[in-house]
Amino acid sequence: MSSGNVFLLSIASSAGMNIRLVHRLIAASCAVVLCSTVGIPAGRAGDPFRSSNPQPISASTAAAFTAAFQQGNYPAAEQALQQALRQDSSDPLVFALAGSLAFAQQNRQAFADYARQTKSKAQAIAPQQPLRSQLYIAVGELMMAASTLLPQLTGDGGVPLAAVPQALQSLQTVYGSLRAAAQINPNDPELNLVQGFVDLIVATNLPLANPSGAIAKLEKASPRYLADRGIALGLRNLKRYPEAIQYVDRAIAAAPENPELRYLKAQILVEQSKATGDANLRRAAAAEFQKALAKSSQLPQPLVWQLFFEACNNQKTFDNRGQDCVSLRDQVTQAPGPWGPATLPPL
């Protein structure tokens, strides 16, 4: 979506701004740290976005990125991040990544702290890196807005009317910073990755938006496996399922260890089955769900609950065993700790 004003109008007129949207906005706000570090030798920094005019990223930060978003291994990412926080205290990416992990662990206070630090670190690098400064100001502002909204959500996950003006003010800041970054270099691949994901989240949740603009930005974004993942999401929302499968397969080829990509492919196959009536697609989706669940212990527990529940409901459509998916999911939610359990109930 190209117009911030239309975006804000859509927010104000939409009754669907709920906790799922807030969660997705947080995911969008952290999209900048979802980067591949393929080809970065151990001990050397490297920019995963740019082949020319690279920006400095330390080896410890690259290790955290690789663990979380190339491999989909969040516990390993958390361990690597501790070193990155000590070594990269001036880099706003590090604090954005720390915030995303805090949110995954449902630690709201830590998330709020990292959100503020993301924005303040972004402001501090303005003289040296003006584009990335504006970009991370937007990321930090999104995180701060989400942190403020979360405690105010109503019982059904809705945002009370009293909170809307504050949310709109934050979103104006977000889009203002993104526009300022685009004035510096509208073709910057990092900018297009973040802008593409933000616009995609807007298009997914608000009635006046269209995913086509987000897809166009992601076509100019880098790293490609993340951009292809975003394009697959957009094409899924446009119900262009065969194309969505092509893009998610490209992402899997570039990041084969990431179970979240298998989860996304399973979701696309389920939607394609609903649209076409092809029951074989349900069985193909089941295989993808199982590949994702095989790595449940390296994913945030809330994500595993949802993944397992969707896998169970898909399984019911073709095996006729009448599984009680709610009860089975509740067994998963009882596992201790922030990560999914290594052993799951059989489907």
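Here, residue 1 is the first one in the sequence, and each next residue gets the next number.
Lys119 and Glu141 are joined by a salt bridge, as a carboxylate oxygen and a charged side-chain nitrogen come within less than 4.0 angstrom of each other.
Side-chain polar atoms of Gln87 and Ser60 form a donor-acceptor pair below 3.5 angstrom. No side-chain donor-acceptor contact under 3.5 Å links Glu78 and Gln82.
Not a single donor-acceptor pair under 3.5 Å links the side chain of Asp188 to the backbone N or O of Ala182. Ser147 contributes no side-chain N or O that, together with a main-chain N or O of Met144, makes up a donor-acceptor pair within less than 3.5 Å. A distance-only check finds a donor-acceptor pair linking the side chain of Gln298 to the backbone of Gly72 [under 3.5 Å]. Looking at Lys121, its side chain does come within 3.5 Å of a backbone N or O of Ser89 through a donor-acceptor pair. Ser296 places no side-chain N or O within 3.5 Å of a backbone atom of Val304 that could act as its donor or acceptor partner.
Each of Asp330, Val326, Leu328 was scored for a side-chain contact (heavy atoms from CB on, under 4.5 Å) with Phe309, with one residue passing: Val326.
Distance check, rounded to the nearest 0.5 Å: CZ of Arg132 to CD1 of Ile184 gives 12.0 Å.
Closest approach of Ala292 and Leu299 over heavy atoms only: O-CD1, 4.4 Å.
Crowding of Gln123 atom CD: a count of heavy atoms from other residues, nucleotides or ligands under 6.0 Å exceeding 12.
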